[in-house]
Amino acid sequence: WTALAAFAATTKRIRMSPHVTPLTLRNPVFVAQMARNVDLISNGRLTLSLGTGWNRPEFECFGFPYDASFAIRTAKTIEGTELLLKLWTEDNLVSYEGKYYTLRNAPFWPKPVQKPHPPIWYGGSGKSVRKLVAKYGDGWTPAMMHTPLTPEVYGERLTDIRNMAAEQGRDPSKILPSVMVGSSIDKDRGKARERGAHALQRPGMTPQECEDQGVIIMGTPDDVTRGLERYVKAGVRHLIIKFAPAWNLDAIHAGLELYREKVFPHFGTK
């Protein structure tokens, strides 16, 4: 969040987002304050991506309590989201009474720049997360490295989100379908696949299965374009790329250029 504030102060056009902030790792009040501050500094360029938290060592190695029950983490995320929205949108002192979080006449000014509030996206793809997206989300962005989804399954779960959103009186078209994928791209297919192998570490999955289920998309620009096209046809409209391996900065810079020159034009983007 400190880095995001620095980026917000030194850029003018790009949007920025954490991917993702677990509401079970930080008190939602602090998340509301940090997000508000970055939104103000950036003049309304923040997208807040939230999750329930899944990486137990991330909590425990720093001494934070971890709820093993996914139901409890989900309930905390629901309450945390409601708390964020109240703090961001209510003009008076804010009160909230939940099972896990409580506010009593809490002051919260100034409000974020974006109205009614900064967009909220959720990671994950399980039923509970899909309900969260349908009720509160402005975007859905599962990380394929953690929750592999074939294009067919992605499309089915996106349809489920849209149906649930419509049932609650929301406009399903306002929820942006996104995805986070691993990628290794190079003019030389062999080099791309060799680098990509560092990311193929999902137990029980072959490299081909990782590609089929979107864990990583790798190869030449044409290979990558074909891989992404499968997800675009399934409904994806926003792409978050995690280059593999993450420590090879030269390959990442070259990969960004290949995406800009060869891949994005295919989809009509820059």
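None of these values were measured; they are calculated from a predicted model.
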> With a 3.5 Å cut-off and no angle check, do the side chains of R230 and T150 form a donor-acceptor pair?
Replying inline: no
> Quick one: CG on L239 to OG on S183, what's the gap to the nearest 0.5 Å?
Replying inline: 8.0 Å
>> For the aromatic rings, using the six-membered ring if either is Trp, is the centroid distance between H238 and W121 under 6.0 Å?
In response: yes
> Does the side chain of T220 come under 3.5 Å of the side chain of D222 through a donor N or O and an acceptor N or O?
Replying inline: no
>> I'd like to know whether the aromatic ring centres of Y259 and F267 sit less than 6.0 Å apart in this structure.
In response: no
> So, are E152 and R157 salt-bridged, with charged N and O less than 4.0 Å apart?
Replying inline: no
> How about W1 and T21: does a side-chain donor come under 3.5 Å of a side-chain acceptor?
Replying inline: yes
>> Check K86 with E82, please: is the shortest side-chain N to carboxylate O separation under 4.0 Å?
In response: no
> Is D186 salt-bridged to R189, going by a charged N under 4.0 Å from an acidic O?
Replying inline: no
>> Can you see whether T47 engages R15 through a side-chain donor-acceptor pair at a distance of less than 3.5 angstrom?
In response: yes
>> Please confirm whether the ring centroid of F59 lies under 6.0 Å from the ring centroid of Y66.
In response: yes
> Would E79 and K76 pass as an ion pair if we require N to O under 4.0 Å?
Replying inline: no
> When you check the gap from the basic side-chain N to the acidic O, do D160 and R130 get nearer than 4.0 Å?
Replying inline: yes
>> Distance check, rounded to the nearest 0.5 Å: K135 atom NZ versus K131 atom NZ?
In response: 10.5 Å
>> With no hydrogens and no angle check, just 3.5 Å: does a side-chain donor-acceptor pair link Q208 and D212?
In response: yes
